[in-house]
Number of protein chains: 2
Amino acid sequence: MSQSSPPKGDPQVIFADYIAERGLKMTPQRRHILEVFMRQDGHVTSEELYAKVKDSCKTIGQATVYRTLKLLCGSGLAKEADFGDGLLRYERQQGRDHHDHLICEGCGRNVEILDPTIEKHQEAVARSHGFTLTHHKLYLYGLCPRCQVKPRP
Amino acid sequence: MSQSSPPKGDPQVIFADYIAERGLKMTPQRRHILEVFMRQDGHVTSEELYAKVKDSCKTIGQATVYRTLKLLCGSGLAKEADFGDGLLRYERQQGRDHHDHLICEGCGRNVEILDPTIEKHQEAVARSHGFTLTHHKLYLYGLCPRCQVKPRP
DNA sequence: TTCATTGCAAAGCCTTTGCATAAGT
DNA sequence: ACTTATGCAAAGGCTTTGCAATGAA
């Protein structure tokens, strides 16, 4: 009911805990990068996040963004996604369900998808080879409705 | 029946046609790289192929291997695979069915898989978003039977 | 003869690292 | 105080590109 106590799943708290647990230190830069990152909706590159972070903190360095992004992945707040275009992207992970990606090759539009049957069969295939599955990557590439009509404007 | 006439699907012929069609030129280097590539079973990096090619042709350059590999992909004889470890790999594509990959994170072992149900549902998911599918990438990561017992020797 | 290819080295590109300084704990 | 973090710039690692020389067609 209170407005001032931080919510259970407050990313800043989660991150602070993660930092503290490993004897690391919380800094204004890390707080700030996390804050900006949590406002992002889709999949940002380090470069893109760096640009946005810099808007409100001129002195921050690119390397700090890279380093913090790795930490965020470690803490479970972020997740790396490699769409195969040579850039690493990061998306929010906290409190979100696993999902895969459907990517339009015309306009770059990116739809998050989840198909229980696919997920289930992935487990089955792995098991049939005696593997235990830790994770997977599924990217579907195609053309969205708009780009099917008018490809690559 | 004849031994001397090249088989229908002779890679050298396919590649030569591809080269000729676009006004490019066939060279000993390209022939040689293709020949060595076709002897590879799994998924080779440009570096690995370069090393093998060099065994029998000391003067060949790394760049030529890179360039030829791109051409081979264009001709449909090769296919790029990005397992997410920072290296591009290439596998033979000609006359082979599509397949995905199941990768052991312990020993790097790589099993080719194919699940019709998964394939079918990928199409369905794309269609449900109005997308037409051109291709996809599915990588399953886990531990093979051996590495489950004795992880990372 | 003409235009693509080659091999070398240099450049690109994204990401990581080294280091002196700054700053959490 | 003791260590970690920061920002800068340099270094890495893989891939691509520029260029003069070479070689297909």
Side-chain angles (χ1 to χ4, degrees), chain A residues 12-13 15-37 43-51 53-75 78-90, chain B residues 12-13 15-37 43-51 53-75 78-90:
Chain A
Q12 292 288 354
V13 173
F15 194 41
D17 286 352
Y18 177 81
I19 291 290
E21 274 167 18
R22 11 202 94 203
L24 307 180
K25 291 165 184 174
M26 183 51 81
T27 66
Q29 289 92 334
R30 286 176 176 173
R31 258 189 293 268
H32 185 224
I33 292 169
L34 171 55
E35 194 203 309
V36 174
F37 176 70
H43 318 81
V44 288
T45 63
S46 181
E47 184 79 31
E48 287 164 354
L49 189 62
Y50 173 54
V53 163
K54 226 180 174 183
D55 282 344
S56 31
C57 175
K58 304 292 183 193
T59 63
I60 208 159
Q62 174 99 255
T64 301
V65 175
Y66 273 102
R67 289 187 276 229
T68 303
L69 241 11
K70 295 293 180 197
L71 285 175
L72 289 176
C73 288
S75 75
K79 192 167 166 224
E80 255 183 33
D82 178 358
F83 294 168
D85 62 352
L87 298 191
L88 282 181
R89 289 159 201 283
Y90 296 86
Chain B
Q12 293 288 354
V13 174
F15 194 41
D17 286 351
Y18 177 81
I19 291 290
E21 275 168 18
R22 11 201 94 203
L24 307 179
K25 291 165 182 174
M26 185 50 82
T27 65
Q29 289 91 333
R30 286 177 176 173
R31 259 190 292 268
H32 184 225
I33 291 168
L34 171 55
E35 194 203 309
V36 174
F37 176 71
H43 317 82
V44 287
T45 63
S46 180
E47 183 79 31
E48 287 164 356
L49 189 62
Y50 174 54
V53 163
K54 225 180 175 184
D55 282 346
S56 30
C57 175
K58 304 292 184 195
T59 63
I60 208 159
Q62 173 99 256
T64 301
V65 175
Y66 272 103
R67 288 187 277 229
T68 304
L69 240 11
K70 295 294 180 196
L71 284 174
L72 290 176
C73 288
S75 76
K79 192 165 165 226
E80 256 183 31
D82 178 359
F83 295 168
D85 63 351
L87 298 191
L88 282 180
R89 288 158 202 283
Y90 296 86

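Residue numbers begin at 1 in each chain, while the letters A, B, ... track the order of the sequences.
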Once you apply a heavy-atom cut-off of 4.0 Å, does A:T45 come out as touching a base, just sugar-phosphate, or nothing? nothing
Where each residue is assigned the nucleotide of DNA chain C containing its nearest heavy atom, which of B:G23 and B:Q62 is assigned the position nearer the 5′ end? B:G23
One pair to check against side chain to side chain contact (heavy atoms under 4.5 Å, CB included): A:M26 and A:F15. What are the steps and the verdict? CA-CA 9 Å; A:M26 183 51 81; A:F15 194 41; 3.7 Å; yes
4.5 Å side-chain heavy-atom contact, A:Y50 and A:I60: yes
Would you mind reading off the distance between A:K25 atom NZ and C:dT21 atom P, rounded to a whole angstrom? 18 Å
Run the numbers on B:L72 and B:F37 for side chain to side chain contact (heavy atoms under 4.5 Å, CB included), then give the verdict. CA-CA 10 Å; B:L72 290 176; B:F37 176 71; 4.1 Å; yes
Would you mind reporting whether B:Y90 and B:H43 have side-chain heavy atoms less than 4.5 Å apart? no
Send over the distance from A:Y90 OH to C:dC14 P, rounded to a whole Å. 13 Å
At under 4.0 Å, does any side-chain N or O of A:K70 touch on OP1 or OP2 of C:dT15? no
Nearest-angstrom distance from the residue atom CZ of A:R30 to P of C:dA22: 18 Å
Outermost DNA chain D nucleotides near chain B [under 4.0 Å, heavy atoms]: D:dC14 to D:dA25
Return the value, rounded to whole Å, for the distance between atom OH of A:Y50 and atom P of C:dC14. 14 Å
C:dT6 OP1/OP2 closer than 4.0 Å to side-chain N/O of B:T27: yes
Counting C-beta onward and ignoring hydrogens, is there a side-chain heavy-atom pair between A:T68 and A:L34 closer than 4.5 Å? no
How close or far is atom P of C:dT21 from atom CD1 of A:I60, stated in whole angstroms? 21 Å
Using whole Å, report how far CD of B:Q29 lies from P of C:dA4. 17 Å
Is the backbone N or O of A:A16 less than 3.5 Å from a side-chain atom of A:R30, with the two atoms forming a donor-acceptor pair by type? no
Heavy-atom side-chain contact between B:Q62 and B:K54 under 4.5 Å: no
Atom CZ of B:R22 and atom P of C:dT5 are separated, to the nearest Å, by 12 Å
Taking atom types as they are modelled, is there a donor-acceptor pair under 3.5 Å from the base of C:dG7 to the side chain of B:R67? yes
On DNA chain D, check which nucleotide each of B:L24 and B:E47 is closest to and give me the residue with the more 5' one. B:E47
Measure from OH on B:Y66 to P on C:dA10 and round the result to the nearest Å. 18 Å
